[in-house]
Amino acid sequence: MKIRASVLWLLAGLIVAASGILVLPGTSYERQDRDATLAASSAMHRAGTDALGRDRLVRVAAAFLLSLAGAVVASALTTAAAAGVGTLAAFGRASMGWTAMLLCDVFLALPWMFLLMMVRSALPLTTLPAQSAAITFLVLAALGWPASARAVYRGALQLKTSDWMLYARASGLSGAGVVRHVIPNLFPLLLPQFLISIPAFVMAEANLGALGLGVGEPLPSWGGMLFELNNSPMLMQTRWVYFPIALLVLVLLLLEGVAVEA
Amino acid sequence: MKAALAVLRWFARTLTILLLVIVGSTLLVRFAPGYLSDAREMDNRYATEARSQLSAEAARSRSLPRMLLGELRGPLRGDFGISRQFAVPVSELITPRLAVSGGLLLRGMSLGWMMALCAALFSTAGRNPLLLWQAPATVLLAIPTAALATFCLLADSGGPVLVMALLLAARDFKFLDHALRRAWLEPYVMQARAQGVRTSRLLVAHIAPALASQLGALASLSFVTALSALVPVEVIFNVAGVGQLAWNAALNRDLPVLLSVMLVMALAVTCSGMATPRKAEWESA
């Protein structure tokens with residue numbers, strides 16, 4: 001519990017620091033300083049600049065908040081979908097449960113990286129950066145629910161055969177009443193699913209972005225900054241290009257720490 | 001009779017899943033907003049040709065049932081369509097690359113498993129603190145595959161096989177460590193240890209058979225993880241495999257190639273998943 005509290009405090013500190021950097025007057029993640037491209041750390045640019053002269057610290061702060069917000073929203077959607085499908089499959093007719101689990105199998109049979117690439121490449125050429133960010137996380141949410149739904153289904157089946165549920169149903173409880181009582185009892189199962197999905201989605205976005213298929217420029221993203229590592233001259237000029245990846249690993253460790261503790 | 005029925009059900013379920021994958025992927029691609037657009041349209045030299053190809057594609061896919069039938073019939077005859085980017089049959093592009101990716105997967109998975117097994121055995125059998133083994137695995141899991149591959153490339157140490165092996169070893173170690181820790185505490189194993197049975201004998205005769213089904217499930221899960229890591233690893237190390245082909249097709253909006261690669265991958269995942277009934281248990285572990 002102590003570790004979880006420390007990890008949460010650290011994460012909160014990072015969020016406050018990133019927000020603070022972004023609200024400072026005169027900061028913008030897309031403003032270019034053409035006299036200082038690929039610059040090292042200085043008083044003006046604390047973590048240097050990228051190949052286009054954009055402040056790396058500001059971009060990292062924006063990427064961190066964007067990625068975290070996107071992953072949290074995607075995770076919430078995934079968990080809600082998993083709760084809905086899992087509960088319906090367990091409490092609905094047998095055919096409904098069978099169909100839902102078959103659907104889960106179909107989704108689990110599709111390697112997510114290939115499916116993500118296919119969906120991203122099928123977007124119109126005129127997709128705006130903000131739209132690409134939203135679509136990336138929505139696609140992640142749309143692909144992430146089956147594994148969680150399976151876990152929820154098993155938990156809901158156990159609840160269905162529990163003594164209190166049998167008694168409640170025998171007393172005439174049905175439909176919405178059942179769902180109202182089941183969902184709160186599934187919270188201990190849903191919370192870890194929600195927390196586990198967040199680092200997984202952050203990681204997926206980073207991997208997709210590193211392949212040039214994630215959030216579109218000029219919006220900053222972890223994946224976009226990993227893409228910088230392919231630029232060898234930049235690596236020779238400044239070691240600050242490693243800053244985003246170091247922070248990403250720290251954030252992922254913190255998020256995984258929260259998930260494991262849950 | 002029971003076994004035959006079980007095998008029959010296994011086949012029926014696998015076929016149903018594959019059928020649904022084909023139909024679902026085709027519908028997803030066909031109704032994607034960018035399906036009838038091509039990067040070549042932006043280049044005057046190729047725009048006319050690209051537009052005529054796209055209009056032919058639009059005419060072909062106007063009747064949905066006919067299009068689905070074509071998509072189902074094609075793979076059965078080994079015809080996966082024509083690549084938009086290279087204008088050659090997709091099967092010609094995929095077949096030689098399958099061998100390259102297969103070799104990479106096989107070597108990566110073998111090395112990864114060996115590393116994970118050794119680490120788990122040392123971690124559970126010795127008196128080392130758990131953190132000594134857990135910490136590197138946790139850190140490795142927090143590094144995106146693309147970043148790990150780039151670091152190895154920049155440091156000029158280790159190739160695609162090592163990156164894949166490290167990724168799989170870190171993931172599998174966590175499961176193996178957990179399973180072995182439980183196995184060592186089983187009453188019959190503790191009894192055998194108390195009676196002085198050698199560790200190697202315990203592992204071979206008692207622990208390995210008890211964990212066999214779980215190890216099979218873990219192997220299937222490793223395969224799925226390795227497939228997802230295939231794309232960044234092949235792209236960054238410039239390995240001419242299926243992952244690199246899919247990435248190239250995604251960047252150039254070559255949807256017939258992407259769709260075919262996905263079908264091949266779905267077939268591989270379904271076959272590996274169906275071989276192990278306890279896969280779901282591992283996934284929810």
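Every chain is numbered from 1, with letters handed out A, B, ... down the list of sequences.
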### Query
So what's closer than 4.5 Å to chain B heavy atoms on L211(A): side chain, backbone, both or neither?
both
### Query
Is chain B contacted by the side chain of L255(A), its backbone, both, or neither, given a heavy-atom distance below 4.5 Å?
neither
#### Entry: Polar side-chain atom of S220(B) near backbone of G216(B) as donor-acceptor pair, under 3.5 Å
no
### Query
Looking only at atom types and distance, does a side-chain atom of Q193(A) sit under 3.5 Å from a main-chain N or O of L190(A), one as donor and one as acceptor?
no
#### Entry: Interface moiety of I245(A) toward chain B, non-hydrogen atoms closer than 4.5 Å
side chain
### Message
For R97(B), I'd like to know if atom CZ has over 12 heavy atoms of other residues, nucleotides or ligands within 6.0 Å.
### Response
yes
### Query
Applying ring-ring contact (aromatic ring centres under 6.0 Å, His included), which residue pairs with at least one partner in residues 127-162 of chain A are found, sequence neighbours left out?
F107(A)-W145(A)
### Query
Looking at G24(B), A249(B), A246(B), which has the largest count of heavy-atom pairs under 4.5 Å with chain A?
A246(B)
#### Entry: Residue part contacting chain A, namely of V261(B), when any heavy atom lies under 4.5 Å
side chain
### Atom pair CE (M118(A)) and CE (M113(A)), whose distance is rounded to the nearest 0.5 Å
14.5 Å
### Message
Using a 4.5 Å heavy-atom cutoff, which residues in residues 230-239 of chain B come close to chain A?
### Response
V231(B), P232(B), V235(B)
### Query
Of the backbone (N, CA, C, O) and the side chain (C-beta and beyond), which part of T138(B) lies under 4.5 Å from a heavy atom of chain A, both, or neither?
both
## Note on the structure
Residues at least two apart in sequence or cross-chain that pass side-chain contact (heavy atoms from CB on, under 4.5 Å) with I143(B), listed by chain then number, are V249(A), V139(B), A147(B), L148(B)
### Query
Can you tell which of L116(A), L248(A), N207(A) has the highest number of heavy-atom pairs within less than 4.5 Å of chain B?
N207(A)
### Message
Please classify the contact between T16(B) and chain A as side chain, backbone, both or neither, with a heavy-atom cut-off of under 4.5 Å.
### Response
side chain
### Most contacts with chain A, counted as non-hydrogen pairs under 4.5 angstrom, among L227(B), T145(B), L141(B), L153(B)
T145(B)
### Task
Examine whether an atom of L226(A) lies under 4.5 Å from a heavy atom of chain B, and if so say whether it belongs to the side chain, the backbone or both; otherwise answer neither.
side chain
### Task
Please state whether the side chain, the backbone, both or neither of L267(B) comes within less than 4.5 Å of a heavy atom of chain A.
neither
### Within 6.0 Å of CD in Q158(A), more than 12 heavy atoms from elsewhere
no
### Gap between atom CH2 of W247(B) and atom CE of M117(A) - 0.5 Å precision
10.0 Å
Name each donor-acceptor pair under 3.5 Å that joins a side chain in residues 78-87 of chain A to protein atoms two or more places apart or in another chain, with its distance.
residue : atom : partner : partner atom : Å
T78(A)  : OG1  : A74(A)  : O            : 3.0
T78(A)  : OG1  : A141(A) : O            : 3.1
T79(A)  : OG1  : S75(A)  : O            : 2.6
T87(A)  : OG1  : A83(A)  : O            : 2.5

### Message
Determine whether R150(A) and D105(A) satisfy the following criterion, side-chain contact (heavy atoms from CB on, under 4.5 Å), listing intermediate values before the conclusion.
### Response
CA-CA 9 Å; R150(A) 274 186 165 281; D105(A) 276 348; 2.5 Å; yes
### Donor-acceptor contact below 3.5 Å, side chain S132(A) vs main chain G216(A)
yes
